[in-house]
Amino acid sequence: MLIRIPLLNPFETSFGRTSVKEAVIVRLDSGDSQAYGECTAEREPYYSYEFNSMSWKVISDLILPMLAGAEISSPLDFGTLTHRVRGHSMSKGAVEMALWDLFCRSAGMPLHRAIGGVRKRIECGISIGIQDSVDTLISTIARSLDQGYRRIKIKVKPGWDTEVLERVRTEFPDIPLQVDANAAYSLHSIRTLKDMDRFNLTMIEQPLDYDDLLEHSILQRRIRTPICLDESIKGDESVKLMHRLGSGRVVNIKAGRVGGIAGSLSVHDTAMERNIPVWIGGMLETGIGRSFNVALNTLPDVRFPGDTSPSSRYFRRDIIVEPFEMDSKGRMPVPSKNGSGIEVDERELERWTAKRKILKLS
Ligand code: OSB
Ligand code: MG
């Protein structure tokens, strides 16, 4: 299905503004079981080259047909089956995650257990988009802290950076604070980036180009604030390069960006072996995609609160029966049910579905 569901508040990053969440949802039916995955591509190719109308095609014309008639004994077989398709990690990830859901449901096991999770509840952070004014940002931060969020991340871009941070630090001198540039700077802005060192930021996420590791390594040598890579991490190879080059000190894991759960696990393990902490990012997912982010948040090398906020931050009503909730201390329980642990609210899903296609795979 292709769904379009309004966001409660528009979300603005350095590359654009979103007011409607659009996503390709994959449902796999086998016997009585139904499993779901969500593609994290967006409507336009601004975060990465993938985008929804392309993902729709890649998923329905390429990836799903590759599973037809195949003997799949584990979701780990997915990588081999779809290896011929280069890239398209978000499209692959949607199907791969649905397969994990399906297998864990039929094995009677929650996903967090299948992947070696070590905690029963996770810590939530909030990613706050670019606002119309600094006053609005300050009141949004205050509200988020009241709600219990354990760390604040604010989006920055040239012209919305050091002056804004100055105000934020004046109002909130000691809160755990980090920024995300979504690749908006170049080394020409090195003075601004160096200047951010005075704000005691936990990290600066993806300051330079979306595919870059080399210039980040030059930048990391010149700033004290740890660089966290998001866009640049395409899989475990990127982590090895980041480590070898010194391009950053923290890794943001988003399952879609690295091809799904298996890709996330290999990024996680590669980082952990090198003593690099990770945390789990988000792409404004519905409850379906969110459930996988929650499971990944239970992994041992996750050492920071993630961008996994409760459903109510994004939607008036999520498309799952029991929305994800956060307590007043910024913690979220991990569902204990099998698979991804959620139950999709079919009526709500139907309500936002713009397009659907059914394929018979066996
Ligand atoms: O860079 O982390 C990002 C949303 C869309 C695209 C990229 C990013 C984001 C977020 C939102 O920061 C995090 C969330 O899901 O709340
Ligand atoms: Mg990011």
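For the single chain, residues carry numbers from 1 onward in sequence order. Ligands are counted one by one from 1 in listed order, and the atoms in each one are counted from 1 as well.
The nearest non-hydrogen atom to atom 2 (O) of ligand 1, considering only E42, M283, R313, K254, comes from K254. The heavy atom nearest to atom 13 (C) of ligand 1, considering only G282, G289, A183, is found in G282.
You'll find the side chain of K155 stays beyond 4.5 Å of the side chain of I128, heavy atoms only.
For the 3.5 Å distance criterion, the side chains of S33 and S30 fail to qualify, holding no donor opposite an acceptor. Between the side chains of D135 and S139, not a single donor N or O lies within less than 3.5 Å of an accepting N or O. For the residue pair E50 and S91, a side-chain donor N or O sits within less than 3.5 Å of a side-chain acceptor on the partner.
Annotation: atom 4 (C) of ligand 1 to nearest protein heavy atom, F11 CE2, 3.6 Å. In terms of protein heavy atoms, atom 14 (C) of ligand 1 is closest to Y314 OH, 3.5 Å. Nearest protein heavy-atom contact of atom 1 (O) of ligand 1 is N182 ND2, 2.7 Å.
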query = Can you list the steps and then say if R351 with E348 is a salt bridge (charged side-chain N to carboxylate O under 4.0 Å, His left out)?
reply = CA-CA 5 Å; R351 181 168 167 209; E348 281 300 300; 3.2 Å; yes

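Pairs passing the salt bridge (charged side-chain N to carboxylate O under 4.0 Å, His left out) check and including a residue from residues 31-43, sequence neighbours excluded, do not occur.
In terms of polar-atom proximity, S127 is counted as a contact of ligand 1, with an N or O under 3.5 Å from an N or O of the ligand. At under 3.5 Å, a nitrogen or oxygen of D180, whether backbone or side chain, sits near a nitrogen or oxygen of ligand 1.
Only the side chain of D230 comes within 4.0 Å of ligand 1, judged by heavy-atom distances. No part of T18 comes within 4.0 Å of ligand 1, judged by heavy-atom distances.
Without hydrogens or angle criteria, N182 side chain to F15 main chain gives no donor-acceptor distance under 3.5 Å. Put simply, the side chain of D269 never gets that close to the backbone of S266: no donor and acceptor are under 3.5 Å apart. Judged purely by atom type and a 3.5 angstrom limit, S144 uses its side chain to pair as donor or acceptor with the backbone of T140.
Distances from ligand 1 to the non-hydrogen atoms of Q206 include no value under 4.0 Å. Close to ligand 1: L284, with a non-hydrogen atom less than 4.0 angstrom away.
At a threshold of 4.0 Å, the pair D230-R257 counts as salt-bridged, since one of the basic side-chain nitrogens sits closer than that to a carboxylate oxygen. Comment: R331 does not engage E123 in a salt bridge, judged by the lack of any side-chain N to carboxylate O separation of less than 4.0 angstrom.
I358 shares a hydrophobic cluster with no other residue; no ILVMFWY side chain has heavy atoms under 4.5 Å from its own.
Short contacts between ligand 1 and E205, defined as distances under 4.0 Å to a heavy atom of the residue, involve ligand atoms 2 (O). The contact set between ligand 1 and Y47, taken as ligand atoms under 4.0 Å from a residue heavy atom, comprises 7 (C). Interface atoms of ligand 1 facing K153, defined by a heavy-atom separation under 4.0 Å, are 2 (O), 12 (O).
Evaluation of the side chain to side chain donor-acceptor pair (under 3.5 Å) rule for S127 yields no partner, not counting sequence neighbours.
Listed by chain and residue number, the protein N/O/S atoms under 2.8 Å of the Mg ion (ligand 2) are D180 OD2, E205 OE2, D230 OD2, with waters left out.
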